[in-house]
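Inspection log for the structure reproduced underneath, given as structure tokens.
These values consider heavy atoms only, across backbone and side chains, with no hydrogens, waters or symmetry-generated copies. What you are looking at is a predicted structure, and each value in this text was computed from that prediction instead of being measured.
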Amino acid sequence: MSKEYKKDLTDLNDEEYQVTQHAATESPFSGKYDDFYKKGIYVDITSGEPLFSSAKKYDAGCGWPSFSEPIAKLKQKRDTRLSRERTEVRSESADSHLGHVFTDGPEELGGLRYCINSAALKFIPYDEMDQKGYSDYKKYVDEGDAD
């Protein structure tokens, strides 16, 4: 990571910095997006890279925001820091630690559970997506409206 890029990280609070830069994990049920279901997208708090749509968010009961699939490609990395092997997910552009992906998600949603730290995310409400430059990503949010 370049020195110039690290300067941008000074706006993060300690938890956001520890999660995104040192692969820390916030306590379960403590993150602001765990029990949060507004319409919009979730972006990487360090770069603004679009990551997840509210249309793919679901309550997995695990204590962290859970999504069935990402908007964009995420880096995946083998994680053996705990007693079991997991797959870490990181943002593509900033290489920020986001959380992990598991294969125990609901089959009707594709079987995946992206278990993500709220501290790695920033929520962009649907009605602010145009003014904040995320118009092209509205289609991912609108997928949930096709009933």
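Counting heavy atoms from C-beta on, the side chains of Arg90 and Thr20 never come closer than 4.5 Å. Between Lys38 and Pro125 there is no side-chain heavy-atom pair separated by less than 4.5 Å. Proximity of His22 to His97: side-chain heavy atoms (C-beta onward) are nowhere separated by under 4.5 Å. Between Ile71 and Lys56, every side-chain heavy-atom pair lies at or beyond the 4.5 Å cut-off.
Residue Val89 is found in a hydrophobic cluster whose other members, listed by chain and number, are Tyr33, Phe36, Tyr42, Leu51, Phe52, Phe67, Leu74, Leu98, Val101, Leu112, Tyr114, Ile116, Leu121, Phe123; membership requires side-chain heavy atoms under 4.5 Å apart, directly or through intermediates.
The environment of OH in Tyr134 is crowded: more than 12 heavy-atom neighbours from other residues, nucleotides or ligands sit within 6.0 Å. The environment of NZ in Lys77 is sparse: at most 12 heavy-atom neighbours from other residues, nucleotides or ligands sit within 6.0 Å.
Proximity of a side-chain donor or acceptor of Ser53 to a complementary backbone N or O of Tyr140 within less than 3.5 Å is detected. Under the 3.5 Å distance criterion, the side-chain polar atoms of Asn117 are matched with a main-chain donor or acceptor of Glu26.
Residues Pro65 and Lys57 share a closest heavy-atom pair of CB-CE, 4.0 Å. Smallest separation of non-hydrogen atoms from Ala72 and Pro50: CB-O, 3.9 Å. Phe29 and Gly61 make their closest contact through CZ-O, 3.7 Å (heavy atoms, listed as atom of the first residue, atom of the second, distance). Residue Ser91 comes nearest to Glu49 through the heavy atom pair CB-OE1, 3.4 Å, listed as atom of the first residue, atom of the second, then distance. Closest approach of Met129 and Gly40 over heavy atoms only: SD-CA, 4.3 Å.
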Output side-chain donor-acceptor pairs under 3.5 Å for residues 103-110, partner residues at least two apart or in another chain, one line each.
unit_1	atom_1	unit_2	atom_2	d
Asp104	OD1	Arg113	NE	2.9
Asp104	OD1	Arg113	NH2	3.3
Asp104	OD2	Arg113	NH2	2.9

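To the nearest 0.5 Å, atoms CD (Glu15) and OG1 (Thr25) are separated by 10.0 Å.
For Lys122, the salt bridge (charged side-chain N to carboxylate O under 4.0 Å, His left out) test picks out no residue, with sequence neighbours left out.
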